[in-house]
Amino acid sequence: MTHRLIDAGGLLILPRLQVQNANAISGPLTWGFPSPTAFTGFAHALERRLRDAAGDLKQGFGGVGIICHRFEPQVSQPAGRRTQVFCLTRNPVGKDGGSTALVEEGRAHLEISLVIAVQDGFSEADGNDWAKIAHHTAQGMRLAGGSLLPARNGERYEARWQVLPDSLNLQQELFKKMRRRWLPGFALVQREDLLAERLAELRVAQPDATALDALLDLSRLNIEPTVLNPDPPEAVTWQVRKRPGWIVPLPVGYAGISPLYEARDVENTRDGLTPFRFVECLYSVGQWISPHRLDDLHALFWHTEADLEKGIYRCINLYSETLPSIAPGNIA
């Protein structure tokens, strides 16, 4: 991994946030931990509120790191069934005595820490005061559709401001001290390099393999023989293929499937000022890594990226060296 200097004034650390009833279905193919788009959207909304509430924030945020400490999906396993189902609410009946027309999503309870790069620079004293304001503002917001519970008492749960030094070596030394504070927990990073590598391996035997085939191959449990062409054939043993870490399918954004329409050209849109485009979910491969195994602070952050000509709106993470050379068009 190529080490890079974080060009920011400091870090806003929101530790141990408890989120109740977050959306656990962020894509059409998978369910589980919310998409990185939920956290970059939360950081963007928080930035806009802080710009309006406090005039100290001028340049804004530069990225958000996601560390999960606890994940509790609200599921149950009915008697006599092997599959799990989401625990949904029992809504009151309508005026006609029938069920209310509500489409519920699966939910999960989370405990996460967010590390937000802030372009503006504050002193340690002013930064801690500003961090308290940011933490108080965040308490009244939604995160991935869930509600933030009141902050617990104690230094461990207080928002902090961390000044970033200008030297790469000093930043690395600082990160070595900071990452221990996020344990136990796992940081979410992007591994598109594994997706491209697996796709190349599949195309050796299957030239028509697609990126979806590679994604499914990395996501599922593959039971394979330990030895190919055993002699005698009855002596074969089977085992689950080992994965290169805690790999998960990850919705990272959206790809356009229609032209970009001007504002007000499409009825029933959210507002009449923003151009509109129909999109579909864009998937990638993520990995959960313990923070103490990260060597570079830059590899922790997720950023938003938009290509209006290609219609690509996604979140990217620079953990992988091959990420800048990989695009959805190269691995399709």
Side-chain angles (χ1 to χ4, degrees), residues 18-39 66-93 98-112 143-147 184-192 194-195 197-199 201-202 205-206 209-228 230 233-252 280-290:
Q18 290 183 299
V19 186
Q20 186 179 57
N21 291 330
N23 182 19
I25 305 178
S26 53
L29 302 179
T30 59
W31 71 273
F33 194 80
S35 167
T37 57
F39 300 95
I66 308 167
I67 300 101
C68 180
H69 306 285
R70 181 172 57 88
F71 176 75
E72 296 181 5
Q74 301 303 293
V75 296
S76 64
Q77 185 171 346
R81 296 179 60 179
R82 295 184 178 181
T83 57
Q84 294 180 332
V85 297
F86 282 107
C87 300
L88 304 179
T89 59
R90 185 175 180 85
N91 302 300
V93 298
S99 300
T100 307
L102 295 177
V103 180
E104 284 196 77
E105 298 285 358
R107 299 186 296 268
H109 300 336
L110 312 174
E111 183 175 348
I112 58 170
L143 176 54
S147 303
F186 292 90
L188 183 62
V189 298
Q190 190 176 20
R191 295 302 306 272
E192 277 198 342
L194 295 179
L195 182 62
E197 179 182 348
R198 188 56 186 156
L199 178 59
E201 295 174 356
L202 290 178
Q206 306 175 18
T210 64
L212 180 59
D213 296 323
L215 177 66
L216 295 176
D217 188 80
L218 287 172
S219 304
R220 66 193 176 211
L221 293 178
N222 297 278
I223 303 177
E224 300 175 332
T226 55
V227 180
L228 296 179
E234 294 79 10
V236 64
T237 58
W238 299 79
Q239 68 178 9
V240 178
R241 183 199 303 168
K242 294 183 179 180
R243 298 183 182 180
W246 189 355
I247 305 299
V248 291
L250 191 65
V252 294
E280 61 182 359
C281 189
L282 190 64
Y283 270 88
S284 181
V285 171
Q287 183 176 7
W288 290 104
I289 297 180
S290 181

| query | Which atoms form the tightest heavy-atom contact between Gly106 and Asn23, and what is the distance? | reply |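 Looking at all heavy atoms of both residues, the shortest contact is O-OD1, 3.5 Å.
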| task | Please report the shortest heavy-atom distance between Val248 and Gln287, naming the atom on each side. | result | CG2-N, 4.4 Å
| task | Return yes if some donor-acceptor pair links the side-chain N/O of Arg107 with the main-chain N/O of Cys87 below 3.5 Å, else return no. | result | yes
| query | Just by distance, do the side chain of Arg243 and the backbone of Ser219 share a donor-acceptor pair under 3.5 Å? | reply |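 Checking the backbone N and O of Ser219 against the side chain of Arg243, a donor-acceptor pair under 3.5 Å is found.
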| Candidate list Leu195, Thr210, Leu250, test side chain to side chain contact (heavy atoms under 4.5 Å, CB included), partner Leu215, passing option |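 Result: among Leu195, Thr210, Leu250, Leu195 is the only option passing the side chain to side chain contact (heavy atoms under 4.5 Å, CB included) with Leu215.
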| For Pro34, the option from Ile66, Leu110, Ile112 that meets side chain to side chain contact (heavy atoms under 4.5 Å, CB included) | Leu110
Among all residues two or more places apart in sequence or in another chain, which pass the side chain to side chain donor-acceptor pair (under 3.5 Å) test with [X]?
X      : value
Ser76  : none
Asp217 : Arg198, Arg220, Arg241
Ser35  : Thr37
Thr30  : Tyr283

| said: Tell me every residue that passes ring-ring contact (aromatic ring centres under 6.0 Å, His included) with Phe71, counting only those two or more places apart in sequence or in another chain. | reply: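 Phe71 satisfies ring-ring contact (aromatic ring centres under 6.0 Å, His included) with no other residue.
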| field | Set of residues satisfying salt bridge (charged side-chain N to carboxylate O under 4.0 Å, His left out) with respect to Glu197, sequence neighbours excluded | value |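 Residues passing salt bridge (charged side-chain N to carboxylate O under 4.0 Å, His left out) with Glu197: none at all.
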| Given the rule in the side chain to side chain contact (heavy atoms under 4.5 Å, CB included) test, do Leu143 and Phe39 qualify, once you have shown the distances and angles that lead to the verdict? | CA-CA 7 Å; Leu143 176 54; Phe39 300 95; 3.8 Å; yes
